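Just so it is clear, the values below take in all heavy atoms, side chains as well, and ignore hydrogens, waters and symmetry mates. Each chain gets a letter, A, B and so on, in the order the sequences are listed, and its residues count up from 1. None of the values given here were measured: they were computed from a predicted structure.
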Amino acid sequence: MRPAPAQALRGSLVPWYRSVARDLPWRQDPSPWAVLVSETMLQQTRVDTVVPYFHRFLDRFPDAAACAAASEDEVLGLWQGLGYYRRARFLHAAAKAAQAGFPETVQGLRALPGVGAYTAGAVASIAFGIPAAAVDGNVERVICRVDGFGDDPRRAAGRRHLQARVEAIQDASVASEVTQGLMELGATVCSPQRPDCGACPWRAVCVARHTDRIEALPNLPARKKPVAVQGTAVVVMRGEQVLLARRPPGLLGGLWEPPWQPDPAGETAGVAALLAARVGLPATQDLHPLGQVVHVFTHRRLTLTVWGMAVSTDVPTPVAPGFYEAMAWCPRGVPGVALSKLAHRILGVVGDGESG
DNA sequence: AAATCGTGGAG
DNA sequence: TCTCCAAGATT
């Protein structure tokens, strides 16, 4: 069995998409800015998770100019809890870059910060009707299966193959429908496990289905498990205020949190006092253990021992030591800065102690 | 090429 | 509880 002609795939895909397309918020107003925001938020993130963030973000920033005029802290504030926070900083930078004129070509879009091959193709096709390929995880899976493509689609040769195949399926008259139809098919029918082949517009021509390789494709390398890391956090209270620190670019970059650090070589003893001293706080004999927090990132499984400490109200704001960009005393209830889920969990340990 | 970078839902 | 992994980009 040979792969189906691109024209035949397009011909059955587009009518199918028009008949089943979900009513998603970014499909109501496919303006370039709204599409860029949605595509950025949707990177490695589920639709159901993104929807409320998308509404809040576009409500505050209806266009790129509004976002460009805002502070990075405010943009991060609208992103808190969504993860992969670098996306928010990139989007903010892209909004500023777009003040010179929103790019209307694949090349121009690709030059925006945080916009890679997929996002450039998605915005070009959905917002501008350009017949560009947008190969995300859904499209990768759908194409590998319909073609019975057994190579690793993430390697350079595989990526080129998928890119060319989708470009062949594309057409200027239905560019948006092809891009969204391919993703809709992967998201709602051709799922990673137990795909609903009976509902697939391509069931008659799917090579994987006819050779019983549906579950085996796409042929992806096994992913690695997160590495276990131990660390120590310090929650310093000054009356009703808690000490928060702003992280540098990288992990949770730009977000605020109670200070923490990985334990050096598995040593836990004295790390809390060391951390407090580094932050420039007075006598640390008040330090007491409050509990533990476990937080799993994509590549790290972090177990933090949380210590508590109270200082008098005349203690000034500590000087940010090396790692952190800044420190501040913030109201514990409504800090007013962007916090990660990890930070919330650390602060939650204090709440648990008080209520229990 | 391989690491890095969050979070939560589903099975 | 454990595994998988989701509309990726960058270095």
Gap in Å between the two [atom1] atoms, one belonging to [N] and one to [M], rounded:
{"N": "C:dT3", "M": "B:dG6", "atom1": "P", "answer": "22 Å"}
{"N": "B:dA1", "M": "C:dT11", "atom1": "C1'", "answer": "11 Å"}
{"N": "B:dC5", "M": "C:dA7", "atom1": "P", "answer": "23 Å"}

Under 4.0 Å between any heavy atoms, over every strand shown, what does [X] touch: base, sugar-phosphate, or nothing? Just pick one.
{"X": "A:Leu24", "value": "base"}
{"X": "A:Arg110", "value": "sugar-phosphate"}
{"X": "A:Ser340", "value": "sugar-phosphate"}
{"X": "A:Gly186", "value": "nothing"}
{"X": "A:Arg247", "value": "nothing"}
{"X": "A:Leu252", "value": "sugar-phosphate"}
{"X": "A:Arg223", "value": "base"}
{"X": "A:Trp79", "value": "nothing"}
{"X": "A:Ala117", "value": "sugar-phosphate"}
{"X": "A:Thr179", "value": "nothing"}
{"X": "A:Gln193", "value": "sugar-phosphate"}

Main chain of A:Ile214, side chain of A:Arg145: is a donor-acceptor contact present, judged purely on distance under 3.5 Å?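 At least one qualifying donor-acceptor pair exists.
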Check the orientation of A:His299 and A:Phe297. Use parallel for under 30°, tilted for 30 to 60°, and perpendicular for over 60°.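 Rings of A:His299 and A:Phe297: tilted, as their planes differ by 30° to 60°.
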Using the six-membered ring wherever Trp is involved, compare the ring planes of A:Phe54 and A:Trp26 and label them parallel, tilted or perpendicular (cut-offs 30° and 60°).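 Taking A:Trp26 first and then A:Phe54, their aromatic rings stand perpendicular (interplane angle over 60°).
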A:Tyr53 six-ring centre to A:Arg56 NZ/CZ under 6.0 Å and within 45° of normal: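 Cation-pi check for A:Arg56 and A:Tyr53: passes.
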Output the rounded distance in Å from [atom1] ([X]) to [atom2] ([N]).
{"X": "A:Leu255", "N": "B:dC5", "atom1": "CG", "atom2": "C1'", "answer": "12 Å"}
{"X": "A:Arg87", "N": "B:dT4", "atom1": "CZ", "atom2": "C1'", "answer": "14 Å"}
{"X": "A:Gln43", "N": "B:dT7", "atom1": "CD", "atom2": "C1'", "answer": "15 Å"}

For DNA chain C, which nucleotides open and close the run of contacts to chain A, 5' to 3', at under 4.0 angstrom from a non-hydrogen atom?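 Listed 5' to 3', the contact boundaries are C:dT3 to C:dT10.
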Phosphate oxygens OP1/OP2 of [N]: is one of them under 4.0 Å from a side-chain N or O of [X]?
{"X": "A:Tyr85", "N": "B:dT7", "value": "yes"}
{"X": "A:His295", "N": "B:dT7", "value": "yes"}
{"X": "A:His299", "N": "B:dT4", "value": "no"}

Out of the candidates A:Arg209, A:Arg213, A:Arg165, only one should pair with A:Asp147 under the salt bridge (charged side-chain N to carboxylate O under 4.0 Å, His left out) rule; please name it.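 Of the listed options, the one satisfying the test is A:Arg165.
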With a 4.5 Å limit on heavy-atom distance, are the side chains of A:Cys67 and A:His92 in contact?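 Yes, at least one pair of side-chain atoms sits under 4.5 Å.
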Where A:Asp152 and A:Pro221 come nearest, the two heavy atoms and their spacing: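 Heavy atoms only, the tightest pair is OD2-CD, 3.4 Å.
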Contact nearer the 5' end of DNA chain C, comparing A:Arg27 with A:Val115: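 In this pair, the answer is A:Arg27.
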Would you check if there is a donor-acceptor pair between the side chains of A:Gln170 and A:Thr179 at a distance under 3.5 Å?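 A pair is found: one side chain offers a donor N or O, the other an acceptor, under 3.5 Å apart.
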